[in-house]
Every structure is written in structure tokens, then in C-alpha cells.
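Inspection log for the structure reproduced underneath, given as C-alpha cells.
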Amino acid sequence: MASIRDVAKKAGVGVGTVSRALNGTGYVAEDTRAKILAIAEKLDYQPNELARNLFRNRTGIIGIVVPDMENPFFSKLLKHMEIQLYKNGYKAMICNTIEISNREQDFIDMLRQNVMDGIITGAHSLQDYAYLNLNKPVVAMDRNLGPGIPMIHSDHKAGGRMAARLLLDAGCRNVLNFGGSFRVHTPSNDRHQEFKQVMEENGASVKTIEMAWNMMEYDYYCRIMEQYMDIYRDIDGVFTTDIGALYCLNIANQRGVKVPEKLHIVGYDAVDMTRLFTPKLTSIAQDIPGLATACVDTMMDLLDGKKSRDGTNSACFHTKRWNGIKRSTKSTEDA
């Protein structure tokens with residue numbers, strides 16, 4: 001196997017010149033660069049990735065932290081983040097925080113120790129101050145980590161309004177709204193608050209059920225949905241996550257409650273599994289590939305020493321579209 005010294009010798013230049021030509025760093029005359037690239041290809045030279053990253057003072061690894069990889073929203077998000085990182089020359093190191101909460105702290109420690117170049121986090125197992133004063137690239141998804149840390153999230157208020165309009169148009173007047181914990185604010189909570197406001201402004205009764213914080217297991221969703229559908233048997237509409245919505249659909253089928261004739265259900269995220277059930281679940285779709293791209297693009301900006309770019313990408317609900325992804329840097333007071 002050819003080495004960088006073989007390429008340098010064949011090209012009649014120094015090893016440093018070959019390195020700059022191959023890495024695109026520093027000045028190399030264009031004809032010299034073309035000559036080096038041609039010789040490297042002819043010799044089938046494969047640069048040592050470790051050596052290249054050491055030269056760039058990078059590890060080539062980005063950590064991604066999510067609450068639960070089994071959750072279909074996060075599994076699809078991870079898939080697209082890994083693809084986008086690979087396109088940018090980076091590998092992903094992934095963990096979920098379910099059951100063992102110190103995993104998130106372990107990743108922060110690894111970032112401090114230069115084991116990885118940055119962290120993209122969508123988990124909430126630690127207090128926000130854990131990320132402050134890191135002076136390392138961090139991107140937050142659906143979580144305000146404080147001043148200077150960019151946050152990527154869908155326009156959840158628009159999503160909540162969409163869900164409300166769907167149920168109002170279907171004639172629903174007595175609905176259940178299964179929300180996340182309202183004791184800890186995240187942008188995703190906005191959809192439930194907006195949903196409740198729009199429904200009540202239009203004369204509907206809304207019973208909001210606060211879900212346990214950072215709890216995503218399927219068994220938990222099953223217990224909660226069954227419990228409150230037993231308590232409130234007079235409801236005609238439900239708004240919840242896709243997993244919760246599918247459990248509601250199952251419970252309704254068991255009780256002989258026809259959907260959508262007697263009960264209307266709207267989920268949130270529109271993950272692929274929602275298309276496998278009958279009747280097909282109506283769901284507000286986050287643009288998961290767009291979220292992943294926005295997170296990775298922002299991380300690349302930080303690694304390149306650029307400030308976070310404000311921007312808007314698209315997210316959609318079946319036949320409707322809205323500009324749904326926000327990229328911003330907020331202070332704690334903005335939450």
C-alpha cells in the first residue's frame with residue numbers, strides 16, 4: 001500500500017505539500033495540486049484518517065444524545081443525522097439516556113477530553129447548566145440550553161394549531177390533550193398549549209393530561225391512554241404523539257368505538273408506522289430529515305468557527321405545508 005511519502009517522492013515535493021493538497025489546507029499551486037492528486041489516484045493512496053484528523057486537530061466524531069433510540073421519531077432522526085454527518089466527513093457516536101441518566105454526562109466529559117468534536121443533544125436527563133461554559137460545539141434540538149447554544153426545533157405552535165383545526169373541522173367539542181410535562185419548558189410543549197388555546201377559543205372543552213417527564217416506554221403510553229380513556233368516556237377527539245394515538249386507536253377498536261365516526265384521533269410526528277394501521281392515522285408531520293440536516297449544518301458551522309445561521313426549512317402535515325424548522329440562539333430568559 002502506497003504511503004504519503006511515496007506520493008511525495010513521485011511528485012517531487014515534500015510530504016507537507018502533499019498533505020496540504022489532499023486536505024485542501026494552505027496554499028498549493030494549482031498545477032502542483034493537480035499533479036499530486038493524479039499521482040495519489042494512480043498509486044491508490046488511501047490517506048490515514050486518524051493522521052488526517054490529528055493534523056486538523058479533530059477526532060472526526062460527533063456525539064448524538066437522544067432519550068430513547070427505540071422511539072420511532074428518534075430512530076429516524078438518528079438515521080438522517082448519521083447520513084448527514086457522514087456526508088460531511090464525520091462519524092456518529094450515539095447514546096440514549098433511558099434507564100442510565102449519566103450517559104449524557106459521560107458524553108459531555110468525552111467532549112471536554114477531546115474524544116469527540118461536538119455534541120448534538122435532544123435528551124433532557126441533565127440540568128441545562130451542564131452544557132454551559134463548555135466552550136465546545138453543542139447543538140440542541142427541542143431544548144433551550146442557554147446563551148450561545150443554537151437550538152433547532154419545528155414550529156410546534158403551527159403544529160398545535162393544525163391539530164386543533166382538524167378536530168374542530170371534524171366537529172369535536174370534547175377532547176383529550178395528552179401533553180409532555182409542563183413543569184419543564186421545551187419548544188415541543190408549545191403545540192399542546194397552542195392546541196388548547198385554539199380549541200377553547202372555538203368553544204370546545206379540553207382536558208389536558210400531563211405526561212411524566214422524559215418517559216417514552218410503550219408500556220407507559222399504554223397504561224396512560226387506557227386510564228384516561230376510561231375516565232373520560234364522553235370524548236370525541238384526542239391529540240397526542242403518534243405512539244399514544246395508536247394506543248388510543250387500539251383501545252377504541254377493543255371497545256367498539258368507531259374511528260373516525262365516533263372518535264377522531266390526531267397524532268404528532270407522522271412516523272412511518274402510522275401508515276400501517278386501519279384506519280390510517282391522521283398525524284402532524286415534523287420534517288425529520290430537515291431537522292437532521294439543520295442540526296448537522298449548524299454543527300458544521302460551529303466547527304468552522306462560524307456563528308449559528310438563522311434559517312427556516314420545511315415541515316409538513318400530509319396535504320398541508322408550513323415553514324416548520326427554526327434555527328436560533330436563545331437566552332434562558334427566552335424560554
Side-chain angles (χ1 to χ4, degrees), residues 1-65 77-94 107-121 134-141 148-150 152 289-314 325 327-329:
M1 181 181 294
S3 69
I4 191 170
R5 294 186 182 277
D6 295 327
V7 176
K9 183 178 179 180
K10 189 79 172 175
V13 298
V15 170
T17 303
V18 174
S19 178
R20 290 194 299 274
L22 296 178
N23 290 307
T25 57
Y27 174 76
V28 178
E30 197 55 44
D31 56 344
T32 302
R33 185 189 305 276
K35 180 180 178 182
I36 290 171
L37 294 176
I39 291 172
E41 183 177 1
K42 184 177 180 179
L43 295 178
D44 194 26
Y45 169 65
Q46 301 295 323
N48 183 292
E49 187 171 359
L50 177 59
R52 184 171 57 195
N53 284 330
L54 286 173
F55 178 81
R56 298 163 60 207
N57 196 28
R58 300 260 176 97
T59 67
I61 297 172
I62 300 297
I64 307 177
V65 185
L77 181 71
L78 287 171
K79 168 188 169 181
H80 287 281
M81 280 189 183
E82 191 277 334
I83 290 171
Q84 291 303 316
L85 284 170
Y86 193 83
K87 288 179 179 178
N88 283 277
Y90 284 84
K91 306 295 192 300
M93 184 181 294
I94 299 167
F107 265 45
I108 293 173
D109 293 341
M110 292 167 71
L111 181 59
R112 282 198 178 99
Q113 296 159 10
N114 299 316
V115 177
M116 56 182 65
D117 297 323
I119 290 177
I120 301 172
T121 180
L134 263 178
N135 294 319
K136 298 280 188 176
V138 174
V139 175
M141 203 206 74
I149 298 179
I152 310 298
L291 284 168
T293 299
C295 286
V296 172
D297 285 351
T298 304
M299 175 57 67
M300 295 302 108
D301 283 350
L302 295 178
L303 289 168
D304 291 339
K306 302 175 185 176
K307 289 185 178 181
S308 172
R309 294 172 295 175
D310 290 334
T312 303
N313 295 319
S314 65
I325 296 175
R327 175 171 17 207
S328 59
T329 304

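This structure is a prediction, so every number in the text was calculated from the model and none was measured. Any value given below was found using the heavy atoms of this structure, including those in side chains, with hydrogens, waters and symmetry copies removed.
Within the 4.5 Å cutoff, side-chain heavy atoms of Met141 are placed close to those of Leu77. Residues Ile149 and Leu134 fail the side-chain proximity criterion, which asks for heavy atoms closer than 4.5 Å. Side-chain contact between Leu303 and Tyr90: present, with at least one pair of heavy atoms (C-beta onward) separated by less than 4.5 Å.
For the residue pair Leu111 and Pro137, the shortest heavy atom distance occurs at CD2-O, 4.1 Å. The two residues Leu85 and Met300 come nearest to each other via the heavy atoms CD2-CE, 4.0 Å. Closest approach of Lys35 to Ala11, counting heavy atoms only: NZ-O, 3.2 Å. Nearest heavy-atom pair, Val28 versus Ala21, reported as atom, atom and distance to 0.1 Å: CG2-N, 3.9 Å. Annotation for Thr32 and Thr17: closest pair CG2-CG2, 4.3 Å, computed over non-hydrogen atoms. Residues Asn88 and Gln84 approach most closely at ND2-O, 2.8 Å, considering heavy atoms.
The distance from atom CD1 of Ile94 to atom CE of Met81, rounded to the nearest 0.5 Å, is 9.5 Å. Of the inter-residue distances, the one linking Gln113 atom CD with Lys136 atom NZ reads 10.0 Å to the nearest 0.5 angstrom. Here the CD1-OG1 distance, from Ile61 to Thr59, works out to 4.5 Å after rounding to the nearest 0.5 Å. Between atom CD1 of residue Ile64 and atom CZ of residue Phe107 there is a gap of 9.0 Å, rounded to the nearest 0.5 Å. For the atom pair CE of Met110 and CE of Met93, the computed distance is 4.0 Å after rounding to the nearest 0.5 Å.
When Val15, Val13, Ile36 are each tested for a side chain to side chain contact (heavy atoms under 4.5 Å, CB included) with Val7, only one passes: Ile36.
In this structure, Asp297 contributes its side chain and Ala294 its backbone to no donor-acceptor pair below 3.5 Å. Proximity of a side-chain donor or acceptor of Asp117 to a complementary backbone N or O of Ile62 within less than 3.5 Å is not detected.
By the neighbour-count criterion of 12 heavy atoms within 6.0 Å, atom CZ of Arg112 is densely surrounded, having more than that number from other residues, nucleotides or ligands.
Side-chain N/O atoms of Asp6 and Ser3 include a donor and acceptor closer than 3.5 Å.
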